[in-house]
Amino acid sequence: MPNASNRDRGLTSLERSRVVVVGASLAGLRSVDSILRAGYSGEVILIGDERHPPYNRPPLSKEALSSSEGFDAIKLRSSTKPDSYKMILGVGARALQLEEKTVILEDDTLIEFDGLVVATGLRSRALAIPKPKNGIFSLRSFDDLEAIKGALIRAGMRIAIIGAGFIGAELAGTLTNLGHMVTIVAPEEVLMQRPLGNVLGGAIGRHHRERGVELCLGRLPLEIESGSDGFTLYCDDGTIIRADLVIEAIGSIPNVEWMQQNGLDLGNGVLCDETLRFGHGGANFAVGDVARFPNLAFDEVPRRIEHWGIAVDSGRYLGKAMVSLLTSGTIPTSFKPMPAFWSDQFDLRIQSFGIPGLVVDPSQIRILEGDIDTEVAMGYFQEETMVGVVLIGLGQSHMKYRDEVEKSLKSR
Amino acid sequence: MKVTVDLDKCSDHGQCVFAAPDVFALNSRGELTFRDVAKGTYVSGELDEDLRDSIEEAIDVCPMQAIEIED
Ligand SMILES: Cc1cc2nc3c(=O)[nH]c(=O)nc-3n(C[C@H](O)[C@H](O)[C@H](O)COP(=O)(O)OP(=O)(O)OC[C@H]3O[C@@H](n4cnc5c(N)ncnc54)[C@H](O)[C@@H]3O)c2cc1C
Ligand code: SF4
């Protein structure tokens, strides 16, 4: 145990220790908050490769795209005093040396740590097809948003969104509301097929269609060409789509390359145990979108969960776990969050609790209340256990269904 | 200590209700009850210091980052 010397130190003897948090976004900031709230008396350094202080990403595909408000409207709030920790922005971590307990930054600064929190999140995936170098956008960061806004130079533009996931669908709604003509192109048969299933995905697709979005599903662009009249997308089924603007929203890749060469399992995020710990015995944790962990409330399969709420919950969990590990060598409880997710598309509020994506058998997805084409609650079952609920509308019932998923999981 | 909620930002997620049930509640339409009494920004009366931890938690978990403490 490299950390043995820390074992019997109390909180005060942590004074000369240091926790480094890599990734200055939601999960990183909430980790800093919770470490300090847990009474940690050492130095905390938050390192982010973006030049912006931590900000909120969900508005990027929603309000922030349609409003003229600037960065301040999405800046994340924190109950921690800014002078109680150190923040380094605009310089990312380039390498990790787990044995030596050091992080090396892009400018070659070497930072030693006693505790490490990895909160480096995801970046957008790009389609590996022949396509022009410029003019194709994606949306993960504030700078991406600014670039897209800068390209929306007139009303009524033809916009092709590649990808039928949540971000693609939200963008379609917001851009249509702004007066643009949106086409969604994707290989899936319905919107949000994997997380929600065919029935609900189909219903949400109908909402989109009724509001003017063109759905070109079940096909994949093979090539994108740019010419004097904008872009041309050639699909595998022969469909040709013309657009003034192309946005790729085909999913994301975990930012883990900087952690290579430490013998870690970095396939699809940082593999952690049920306490979000990774590595070979040190006080190393991963939080937020980049963490792949087993949620024992469901099963023992490690998964990444790309939900705002998980970034918050994992960051909030981290503080006590870290401080306890550094002072006593143990972690009192495992991380067993109730995943919750929301998405706003046109006037639709979609909310999800639990992990509906666990259920692929359509006969195990049942309407609990309402009507699939207006407001509905869908239950996702593994035998008798309700492992997830998805609501469209029905805002007044969301507490009830969240509780029901929780109860159902507890009683299995 | 007072709590303020920007009701234009708030979109009735109700996360604050889980975090600080003594301060926040949803009405029967699933909206934050402060909407029944205020428009724009809701400002509470003077609140007990004991509530600070749970309100700070509500600030953290609000997806719209609509909540603030005024000391
Ligand atoms: C457009 C959009 C809309 C969304 N809408 C919703 C929604 O409606 N509901 C919902 O539940 N969730 C939504 N999400 C997901 C939610 O925003 C994420 O779950 C959340 O941002 C995860 O936070 P994180 O801190 O783990 O990772 P991220 O927010 O990805 O932050 C990681 C940070 O680490 C930085 N970084 C990466 N590598 C390094 C390095 N080597 N050194 C230093 N810094 C590094 C990155 O630049 C970034 O700043 C949305 C996401 C996007 C992009
Ligand atoms: S958590 Fe935020 S957005 Fe949700 S109801 Fe409370 S204040 Fe409104």
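Numbers restart at 1 for each chain; the letters A, B, ... are given by sequence-line order, proteins then strands.
Taking the six-membered ring where the residue is Trp, A:W342 and B:H13 present perpendicular rings, their angle passing 60° and hence far from 30°. Ring planes of A:H52 and A:F71: parallel class, angle under 30° (limits at 30 and 60°).
Among the candidates B:I67, B:V17, B:D60, the residue making the largest number of heavy-atom pairs closer than 4.5 Å to chain A is B:D60. Across B:I69, B:L26, B:I59, B:V61, the residue that shares the most heavy-atom pairs under 4.5 angstrom with chain A is B:V61. Heavy-atom pairs under 4.5 Å with chain A were tallied for B:E56, B:M64, B:R52, B:Q15; the largest tally goes to B:E56.
With a threshold of 4.5 angstrom between heavy atoms, B:A58 does not approach chain A through any atom at all. Only the side chain of A:R30 comes within less than 4.5 Å of a heavy atom in chain B; its backbone stays farther off. For chain A, no part of B:E31 is nearby; none of its heavy atoms comes within less than 4.5 Å. Proximity to chain A (any heavy atom under 4.5 Å) is restricted, for B:D12, to the backbone atoms N, CA, C and O. Contact annotation for A:L76: both backbone and side-chain heavy atoms come within less than 4.5 Å of a heavy atom of chain B.
Atoms OG and CG, on A:S66 and A:N177 in that order, are 8.0 Å from each other to the nearest 0.5 Å.
Of the candidates A:H398, A:E369, A:K400, A:R349, A:L391 forms a side-chain contact (heavy atoms from CB on, under 4.5 Å) with just one, namely A:H398.
There is no side-chain donor-acceptor pair under 3.5 Å between B:D6 and B:T41. In this model, no donor atom of one side chain and acceptor atom of the other lie less than 3.5 Å apart for B:T33 and B:D36.
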